Amino acid sequence: MKDSKIQMQILIALGLGLKRNWHIFFGILAGVFVGIFLHSHPYPIVATLLNFIGQVFIRLIQMIVIPLVVSAIVIGITSIGDNKQLGKFGTKMVVYYGIITVAAVIIGTILALVFKPGLGAAHHIAATTASKVQASVAAAMAQQQGHLLNMFLDFIPSNPLNALAHGNMVAIIVFVLIFAVALSKVGDVSRPIVSFFESVFAATMKITDWIMFLAAPGVFALTASAVSSFGMDIFASISKYLMVLAIGFFIQMFVVYPIFLKCFSKVSIWMLYSAIAEAMMVAFGTASSSATLPLTIACCEKRGISHKISSFVLPLGATLNMDGTALLQVVAVIFLAQAYGVPLDPFLLIQIGLLAIVASSTSAGISGAGLITIALILNGMGLSPEQLVAGFAFLFTIERVTDMMRTLVNVTSDAVVVAAIADNENEINYDLFNNPEAYEEIA
Ligand code: ASP
């Protein structure tokens, strides 16, 4: 009895002494175990409570995303100042994000062609209760029916306040980018408004610190809710598909990013991963790059990457750079093509790859967005309407687990690119960045 009391005290002391990223890590682990248990022993009250805690956490961070994105971009662009430098950063950012996304698409295509996860999977797809998700499928399809050009047109907000009210991230960013460039051109009169946004940014960062107290319980609750809804049986039924995805994400994180950083910078991937550990875990738990953005910015800035670079590159990355999503989209589409016997000639593969790059970057950084935009690729695949609905419904049933994985990859690559650009521009404080012991806690 006494022993167990002492053990408990030691555990608590250890827990309190550990850094927050360990708390979040244990939150994820505990969430997986509790989720597995709840899947086989459902307790509606516990499920409701977990869902509530998870939603409180997600909503609190979502609450500050828009003020944060707007203020970060205004400060970032006005601090860069001259057009030439801005153009240089912008071009570099697009090229770097492009390289990483093209690598993801190639890796996904090769893995799906080599492992052929879709062969013989038609019966799993047929066994899916498509009726459960019919409504979401129909809505998703309808949303993607419009012409590609119209989709790009929607990126230009005819009313920026409307875009703000609807949280239409790409449209908001387009407006803020133009607005911030204009501010940097008008000289001293821009000072009051830039100061205003500096205050907004500082306050949102402070709120991020506070919200981080909820990170471990929030991520625990989100993970437990997610795992309890899909259980572990899912891994048995479509293990090959999930295995291909997991290998693809692993290669992105442990082969592509290290090679990329070696080629374009002197940033150590391990230092970067320790600097952004909390953001990576929150990305996994929330399955939303946008919701993780405040934390990604806080991790980068508090651990040595300059504000000038991260405030400009990270919000754009969280909205436009979705290499994990692109990888999932090519694997999922090839999976369905294999299941339904659609011949995959090189032209079709190139079409899938190119559309995945467009579809992924137009996906919002929120949970489930990448599966909606996949309709853009599926529509031109030559599947019958019934196959389309059944295939889509099947992907929906295993959505959350793949979303958690791909969001982790999306957020990590945002930080990889920001670190590379900051290195190129001498905007990393390496004394701090390479010394995890000295890292300041978020909060
Ligand atoms: N959930 C992903 C993200 O926020 C987007 C997606 O659904 O693929 O990065």
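Since this is a predicted model, take the numbers as computed values, not measurements. Quick note: residue numbers are just sequence positions, from 1. Remember, it's 1-based here, ligands and their atoms both numbered in the order they're listed.
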Evaluation steps, side chain to side chain contact (heavy atoms under 4.5 Å, CB included), between M253 and Y273: CA-CA 10 Å; M253 301 221 357; Y273 286 174; 3.8 Å; yes

Polar side chain donor-acceptor pair, S268 to N434, under 3.5 angstrom: no

Sub-4.0 Å heavy-atom environment of ligand 1, residues by chain: A287, S288, S289, M322, T325, A364, G365, I366, S367, G368, A369, G370, D403, R406, T407, N410

Flag side-chain contact, heavy atom, 4.5 Å: I58 against S288: no

Between T362 and T373, a side-chain donor and acceptor under 3.5 Å: no

Between S311 and E301: side-chain donor-acceptor atoms closer than 3.5 Å: no

Basic-acidic side-chain contact under 4.0 Å: K302, E278: no

